[in-house]
2 protein chains.
Amino acid sequence: MARSRHSDALRAAQMYYLQDLTMDAIARELRTSRSTVSRLLSSARETGLVQVQIRSPFDTGPELESQIRNQYGVDVHVVPVLDTLNEAETLDRVAMQAARTIGPLVDSNAIIGVAWGATLSAVSRHLTRKVTHDSIVVQLNGAGNMQTTGITYASDIMRRFGSAYGARVEQFPVPAFFDHAATKTAMWNERSVQRILDLQARMSIAIFGVGSVDSDYPSHVYAGGYLDERDLSMLAADDVVGDVATVFFRSDGSSDGITLNERSTGPSHEQLRQVRRRICVVSGASKINGLQGALAAGLATDLILDEASARRLVTFNGHS
Amino acid sequence: MARSRHSDALRAAQMYYLQDLTMDAIARELRTSRSTVSRLLSSARETGLVQVQIRSPFDTGPELESQIRNQYGVDVHVVPVLDTLNEAETLDRVAMQAARTIGPLVDSNAIIGVAWGATLSAVSRHLTRKVTHDSIVVQLNGAGNMQTTGITYASDIMRRFGSAYGARVEQFPVPAFFDHAATKTAMWNERSVQRILDLQARMSIAIFGVGSVDSDYPSHVYAGGYLDERDLSMLAADDVVGDVATVFFRSDGSSDGITLNERSTGPSHEQLRQVRRRICVVSGASKINGLQGALAAGLATDLILDEASARRLVTFNGHS
DNA sequence: TTCCTTACTGCACGTTTGTGCAAATAGCTT
DNA sequence: AAGCTATTTGCACAAACGTGCAGTAAGGAA
């Protein structure tokens, strides 16, 4: 009668979600208390045993979604939030919904590329667990800067992804930007680095936010000591509007001739576009410019963003 | 502000299931009462907007499931029920869980073959709605007998499947068994019948129970006036243990030389085995013999059954 | 064995949720 | 417009649920 906790949780979940019994009835069948059943069910949800999925039937879905879907050819998930919420609250709710939306996409043998930043950090805090086999979480770009090696910040994100999905975590211990392009070339020939690059080349899922240059609430990359004055003015001269995983682009999605990209450590847009599922999470209206560029560049297959931004994105394009 | 009911339901569902807000909070955001939100959420579940799925990780799942899986090579879903429940209650709970398990498998453009009988009737009553396009529900075998054309009984089942998935329903207006094999041959050449046979040949999903000859609680086919005394003694002489969609088989799964099959209207086992997903629903320990034969014949890819039957199935095979 | 640590359980309470009912609203017909 | 019917809404109450807390069982070390 060594019915393990896990097996009880499964039985309870089946009875609760599939047979519509009350916790009370389940408790009697399992010969335990109702509160224990309540806890079994939370643990079942917690560990990903129970997955709740919302399928918005495309055709009938809110027009905001279908407009964006048509304009940019991405799968959109608009997160409903009150316009009156502040940036932090919005981010939190977008992140939670993003985490739950990502869950079902992750499968065994996946190689999951993960960027870092405020958005990804929030997402990582809301991931629901899901057991997979032989999955790998790989860091998309370096995180070091002039002050720190960036280990703690970026690696917390990575670790959370890894433990949520039971995946091996592969960090990328290089700075976000090299000072000299030649160093990058040299490093890229190191076998330790090539192992990471090889994993990145085989990614099945990539998850990232976007950086936006003129954001009121500037992205880490532009404010965190990663770039100096000279770098920033070079970006301005090149008409850069934003970045994905420290690789910059212009408003029309192009990125040729942006010299800073030769020193950055994220995957090239070309390479990123090879990934089957590329999930972009955006929260906060101030990221519109960056987002618009990222979409123009075709970097995402799936877009998760808050309602206010979605609205702005549609009008933004409507005017141009 | 013509935010339709449906669109509100979607927003509410996202906030409730994906952002963990309380109904109270959602009501405030939607400017309505909490009870309306409660109703919106039920309708979201009702219409299949929200899907709850339970993924029992194979490896760690209860050993009963993995034993059956290994022995018979089918995907098993054991439904936990108290052994003390009566047949009717057990059937109801198995049917509910079966209905919810089937839901996620149904997709647009599916051709769903449906048998009829007490089990399927119960399942049909618990289906959760799900919007699909261009799906078709096709009746697997005739339902007429000496007293009635069987229209009402079988067609209720079909109709419920059709309306749950928004699918076109194709009935099969022939008796369950012809009196003469020659009539069947003749009918099978009629174009109206061939249309149905053609649909059956293109099924992507088939859903059926099993009939068991020695069941205490005998299946419709053996008790409902479909067969006469002579037929029943012929079945006994041929060592028949059960049927799927009025096609009979022996304990080892074979069906060659069972003459009654030449007069029955269901798809041959050979044809049934072509179907990608073949879902067998079984409730009640008295169906063991029939089930064992059906599994030996390889008729199912997925099996949904109650716990008591699952246990009996394992010991049954253990002894043989 | 005894003591300590850790994890689980049931109780009790406050919160959250489902639902019958009456009022209000929307949609149709005359 | 009036009148009718079919839905939809909010209220109020009961049922179902989550969780802090204290008590208990299960290991582990000395």
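Throughout, a chain's letter reflects where its sequence line sits, starting with A, and its residues are numbered from 1. In this text the structure is predicted, and so the values were computed from the model without any measurement.
Residues meeting the side-chain contact (heavy atoms from CB on, under 4.5 Å) test with A:T132, sequence neighbours left out: A:V106, A:S108, A:K130, A:S135, A:Y165. Evaluation of the salt bridge (Lys or Arg N to Asp or Glu O under 4.0 Å) rule for A:R159 yields A:D156 as partners, not counting sequence neighbours. Residues forming a ring-ring contact (aromatic ring centres under 6.0 Å, His included) with A:F161 (at least two apart in sequence, or on another chain): none. Judged as a salt bridge (Lys or Arg N to Asp or Glu O under 4.0 Å), and not counting sequence neighbours, the contacts of A:R168 are A:E170. With sequence neighbours left out, B:R100 forms a salt bridge (Lys or Arg N to Asp or Glu O under 4.0 Å) with A:D20. B:D134 meets the salt bridge (Lys or Arg N to Asp or Glu O under 4.0 Å) test with no other residue; sequence neighbours excluded. Residues passing the side-chain contact (heavy atoms from CB on, under 4.5 Å) test with B:S42, sequence neighbours excluded: B:R45.
The side chain of A:R39 approaches D:dC21 more closely than any other nucleotide in the set D:dC21, C:dT19, D:dT9. Listed nucleotides C:dG18, D:dT19, C:dC21 differ in distance to B:R45; the shortest reach to its side chain belongs to C:dG18.
Residue B:T32 is in sugar-phosphate contact alone, with no base atom involved, counting any heavy-atom pair closer than 4.0 Å across all strands shown.
Across the protein-nucleic acid pair, B:I26 atom CD1 and C:dT16 atom P stand 12 Å apart, rounded to whole Å. For the pair B:L40 CG and D:dT9 P, the computed distance is 7 Å after rounding to whole Å. The separation between A:D20 atom CG and C:dT17 atom C1' is 14 Å, rounded to whole Å.
A donor-acceptor pair under 3.5 Å links the side-chain atoms of A:D306 to the main chain of A:G284, judged by distance alone.
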Detail all sub-3.5 Å separations between protein N/O atoms and N/O atoms belonging to nucleotides 15-17 of chain D.
from: D:dC17; atom 1: OP1; to: A:Y16; atom 2: OH; distance (Å): 2.8
from: D:dC17; atom 1: OP2; to: A:M23; atom 2: N; distance (Å): 2.8

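Between C:dG10 and A:T36, a contact under 4.0 Å exists linking OP1 or OP2 to a side-chain N or O.
Comparing the axis of the opening five pairs of the helix from C:dT1-D:dA30 to C:dT30-D:dA1 with that of the closing five pairs yields an angle of 30°, rounded to 10°.
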